[in-house]
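Each chain gets a letter, A, B and so on, in the order its sequence line appears, and its residues count up from 1.
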Protein chains: 2
Amino acid sequence: MTLRHSPREGSARRIGGEIPDATIARLPVYQRVLAALAESHVVIVSSEEIAAASGVSSANVRRDLSHLGSQGTRGVGYHVSSLLAHVTQALGISSERPVVIVGAGHIGTALAAYQGLPSRGFRVVGVLDISVDRVGSPVADSAQMRVRPLTDLEAVVREGSARIGVIATPGAAAQYVCERLVQAGVRSILNFAPVTLAVPQDVEIRQVDLAVELQILAFHEQRRTVTIPECSA
Amino acid sequence: MTLRHSPREGSARRIGGEIPDATIARLPVYQRVLAALAESHVVIVSSEEIAAASGVSSANVRRDLSHLGSQGTRGVGYHVSSLLAHVTQALGISSERPVVIVGAGHIGTALAAYQGLPSRGFRVVGVLDISVDRVGSPVADSAQMRVRPLTDLEAVVREGSARIGVIATPGAAAQYVCERLVQAGVRSILNFAPVTLAVPQDVEIRQVDLAVELQILAFHEQRRTVTIPECSA
DNA sequence: CGGTGTGAACCACTTCACAGCA
DNA sequence: TGCTGTGAAGTGGTTCACACCG
């Protein structure tokens, strides 16, 4: 589990919607599952089936879907294409969302090269790096976009109208880059650097730390080993 | 928040420990913060300070630390080095945990090259890929380890005694790789492929999907834009 | 029937507020 | 005095179980 919601005084007077955070985090998964079903020309699907394909309980699926004014048919199930449309709409992926990526190391490049982004509504408007070795080289093999120098950050954000930024730099640079992004107008940041960023409260941060994920796994692994053999459930 | 705890019938009769999942997810962060403080020769730290550096409330920090039989001093704070030792111990990072990585694309390479792993108790015992283009090339610039063919998977797991595996392949290959990992004895899997993996209940999965993280950010971004100006809190 | 939608119970985690102690 | 540790209250999310309906 990644951390970070705006923990404090958040919930800025939710007006219309009212979809729980936990549900939101699952919507993209449902979207993926439904898209795959649509691809396979499946017309109707039950909450049980969605559940199996998403790793969530069926009751939870129904509850989640009910939050978006559910369109299921009792005794039958959900109409795949119409449900997919609803989920997609709820996620706001009608338009192309411009994203700027800072750091052209492995992670930054991975994201920039990720084929799945356009179909999910994102467009990478720029990849920046401070290293002269990387600046000017193609963002991905066989891509026409080239890595730009960090000095172009404000220009890239402005020209691309980016409101979402990704920090894929070493930890030491992250806070500095973060401030420049915020200054340039970015309001949502996905941070891969292993540091806690300080930001104004109207900026949302999501933190993904690869080592942390491994450590959580390791903890359970350890407990499993320590928790003695006998007395298996 | 990443998904996936073993949701169902998990809680395999917890015996000694009893540390909540949410706390476990934060321990690595505290560890990082404490390590930085120790580096700076700070001797004593308060829950308030840890909170600020971790992006958590101070009450939450105290509660979390109390779960590991806390060693704070009332009216003073926590002794950095001893607390760090406790946290590290709780995370079970006394020993080197072998990890096998499948997929030598950007993400797999990023993880393999990540400097922070050894200090967190991990050792990458092998990076595998199916592509002949990648097999045999160095795992990272200036690393002596080389990418091995997927056919070596069982051998690498066995020789390295890996119990933790990382799947950094395209989605289509993930379930197949997953099954081979489990078959080979891996019990904990970190999955970067955008698919839900089916595994026996005694195998733990953690899912990290870069596009999903972006979509969650985008949702809030959208709501912010839609939720009209006036009536600001 | 069979599967959705949902009140109600349940559970896990967080926050409050303060007693207790160096 | 000041900060930890923790009962008690609060919050948010999940699961149960069943009424409802195509």
Side-chain angles (χ1 to χ4, degrees), chain A residues 1-11 14 17-27 29-30 34 42-80 82-83 86-87 216, chain B residues 1-11 14 17-27 29-30 34 42-80 82-83 86-87 216:
Chain A
M1 174 139 339
T2 314
L3 313 171
R4 198 54 27 71
H5 320 250
S6 29
R8 174 143 316 248
E9 77 179 67
S11 71
R14 296 188 187 175
E18 212 56 51
I19 303 181
D21 281 356
T23 296
I24 294 160
R26 284 185 295 265
L27 288 184
V29 179
Y30 300 150
L34 291 167
V42 174
V43 178
I44 296 290
V45 68
S46 69
S47 63
E48 200 69 55
E49 292 166 309
I50 297 175
S54 319
V56 176
S57 76
S58 65
N60 214 336
V61 169
R62 290 198 300 278
R63 175 78 64 189
D64 284 341
L65 296 182
S66 77
H67 285 299
L68 14 125
S70 201
Q71 295 287 32
T73 310
R74 300 187 185 214
V76 180
Y78 300 89
H79 195 84
V80 173
S82 110
L83 182 57
H86 267 80
V87 171
I216 294 171
Chain B
M1 104 199 32
T2 316
L3 314 172
R4 195 57 25 68
H5 319 252
S6 29
R8 174 141 316 243
E9 78 178 66
S11 71
R14 296 189 187 175
E18 212 57 49
I19 303 180
D21 281 356
T23 296
I24 294 161
R26 284 184 296 265
L27 288 183
V29 179
Y30 299 151
L34 291 167
V42 175
V43 178
I44 296 290
V45 68
S46 70
S47 63
E48 200 69 54
E49 292 166 308
I50 297 175
S54 318
V56 176
S57 76
S58 65
N60 213 338
V61 169
R62 291 199 297 280
R63 177 77 65 189
D64 283 343
L65 296 181
S66 77
H67 285 300
L68 16 125
S70 201
Q71 296 286 35
T73 310
R74 297 181 184 217
V76 181
Y78 300 88
H79 195 84
V80 173
S82 109
L83 182 56
H86 268 78
V87 172
I216 295 172

Please enumerate all residues that pass side-chain contact (heavy atoms from CB on, under 4.5 Å) together with A:T73, with sequence neighbours excluded.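 side-chain contact (heavy atoms from CB on, under 4.5 Å) list for A:T73, sorted by chain: A:V76.
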Would you please name every residue forming a side-chain contact (heavy atoms from CB on, under 4.5 Å) with B:S46, sequence neighbours left out?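 In terms of side-chain contact (heavy atoms from CB on, under 4.5 Å), with neighbours along the sequence ignored, B:S46 is linked to B:E48, B:E49.
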Which heavy atom of A:Y30 sits nearest a heavy atom of A:I50, and at what distance?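 Here A:Y30 and A:I50 meet closest at CD2-CG2, 3.9 Å.
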So, for B:V29 and B:S54, which heavy atoms are closest and what is the spacing to 0.1 Å?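 Here B:V29 and B:S54 meet closest at CG1-CB, 3.9 Å.
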Whole angstrom value for the distance that separates [atom2] of [N] from [atom1] of [X]:
X: A:I19; N: D:dG13; atom1: CD1; atom2: P; value: 12 Å
X: A:L83; N: C:dT4; atom1: CG; atom2: P; value: 11 Å
X: A:E49; N: C:dG2; atom1: CD; atom2: P; value: 14 Å
X: A:L65; N: C:dG5; atom1: CG; atom2: P; value: 8 Å

Polar pairs (N or O, both sides) under 3.5 Å between protein and nucleotides 2-4 of chain D?
from: D:dG2; atom 1: N2; to: B:G75; atom 2: N; distance (Å): 3.3
from: D:dC3; atom 1: O4'; to: B:G75; atom 2: N; distance (Å): 3.2
from: D:dC3; atom 1: O2; to: B:G75; atom 2: N; distance (Å): 2.9
from: D:dT4; atom 1: OP1; to: B:S47; atom 2: N; distance (Å): 2.7
from: D:dT4; atom 1: OP2; to: B:S47; atom 2: OG; distance (Å): 2.8

If only side-chain N and O atoms count, and only distance matters, is there a donor-acceptor pair under 3.5 Å linking A:H86 with A:Q71?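 Yes, side-chain donor-acceptor contact under 3.5 Å.
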Under 4.0 Å between a side-chain N or O of B:N60 and OP1 or OP2 of C:dT15?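 Affirmative; the distance criterion is met.
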So, is A:R63 near the phosphate of C:dA8, with a side-chain N or O under 4.0 Å from OP1 or OP2?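 Looking at the OP1 and OP2 atoms of C:dA8, neither is under 4.0 Å from any side-chain N or O of A:R63.
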A:A22, nearest nucleotide to its side chain (from D:dG13, C:dT15, C:dC13):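 Among D:dG13, C:dT15, C:dC13, the one nearest the side chain of A:A22 is D:dG13.
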